[in-house]
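The structure appears right after this line, and notes come after that.
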Amino acid sequence: MTAGTSGVPGPSGPASGDSTRSVHAGRPPATAYEPSLPGPTFVSHYHLPGEARGPYTYGRDENPTWERLESAISELECPGDADAATVTFASGMGAVAAVLLSQVRSGDTVVLPSDSYQATRSLQQRLESYGVGVRLAPTAGDAQLAALEGARLLWLETPSNPGLDVCDIRRLSDAAHAAGALVAVDNTLAGPLGQRPLALGADFSLASGTKALSGHGDLLLGYVTTRDAALAAGVRQWRKTVGAIPGPMEAWLAHRSLATLALRVDRQSANALALAHTLLTRPEVTGVRHPALPSDPAHTVAAAQMRRFGSVVSFTLPDRAHAERFLAALRLTSEATSFGSVQSTAERRARWGGDAVPPGFIRFSVGVEDADDIVADVLRALDEAAAGA
Ligand code: PLP
């Protein structure tokens, strides 16, 4: 189910597959008596005598720890592409806001997915208050195609959170470019080893690095990658101006975590598929979604553009009380509102409001535990939840 051995030469070394690339990405050449990943640079002011020239002037503007992480993410999003540039942010929403708010002006139109991550959609009112028109259309069926006329920016989120619908990035990018619009893809659910939006025609690939990219549930981070130097400069300037910078410690921890990215997402994708197959056998469970399931409505498009299918499985239990009994009965999986961590987590998504999901809808993020243990825990919790009905 993975295609991790593409053999593309990366900027930092010879031909490599995804695991090799994940381990080495962004690390400096081996140097005697130096660590392979230099520690975080904690700095607000650099010594800056005379003329204020870079490369390092002030801690909100540049930091070598960010730069190493950014070059690593560029290698993963766009292997071997010297034009790729990444800008990291304090969180995924920092990255989302940077692209949306730096790229559109009063009078422009943005096309958003009506089923995107709800905090992204919550920017609709802010955009409208600035005189930006917002059109909403669902991810499934490439429905955003019909909303492109006169748009400045098309925003895709595929797979979507939490519904796991998928759209055709290449098809939508081609149509958006023909209509004169830029294309941004929120790549959080798939991640850089799951799909490469820039190779599929998008202008921006951005993500919450809080999820599988860093993968340990212990930090927040975001990033934007683009192959266009002017777009990268605009996003970097936005970060500097609003100050949405990552902490050096978070950036360093995320970079260290990249070494295991391929291992983690391979395991998570396989575990997620095993769980999805198990859920299909339960009569009280409906609407099981995972893009790797051959029966999933998104599978054909997903299989054509994704290289790994991610850690999230969604499904629906009969009602709110049933879902709450299920979540309370899980022993291995804790309730949490995030995904992509090494630990399995799950939540009843409707507890927040804002998503068009039934009361019993569960978003389950599968960790790197043993598949048999995850499946056994879920089956036992399903049995207990059904017995309590
Ligand atoms: N984009 C998507 C698809 C998300 O799911 C999330 C968070 O869940 C974000 C963006 C925002 O990321 P963060 O929580 O790191 O700000």
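Every number for a ligand or one of its atoms is a count from 1 in the order of the listing. All of these numbers come straight from a predicted model, not from anything done at the bench.
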Shortest non-hydrogen contact from Ala251 toward Leu69 | O-CD2, 3.7 Å
Where do Val357 and Pro162 come nearest, in terms of heavy atoms and distance?
-> CG1-CG, 4.1 Å
Hits for ring-ring contact (aromatic ring centres under 6.0 Å, His included) against Tyr117, two or more places apart or cross-chain, chain-then-number order -> none
If you measure only the distance, is there a donor-acceptor pair under 3.5 Å linking the side chains of Thr188 and Asp186?
-> yes
Are Thr286 and Thr316 linked by a side-chain donor-acceptor pair shorter than 3.5 Å?
-> no
Rounded to the nearest 0.5 Å, the CZ atom of Arg105 sits from the CZ atom of Arg152 at a distance of 7.0 Å
Could you please provide the protein residues found below 4.0 Å of ligand 1 on a heavy-atom basis, arranged by chain and number?
-> Ser91, Gly92, Met93, Tyr117, Glu157, Asn161, Asp186, Thr188, Ser208, Thr210, Lys211, Leu221, Phe339
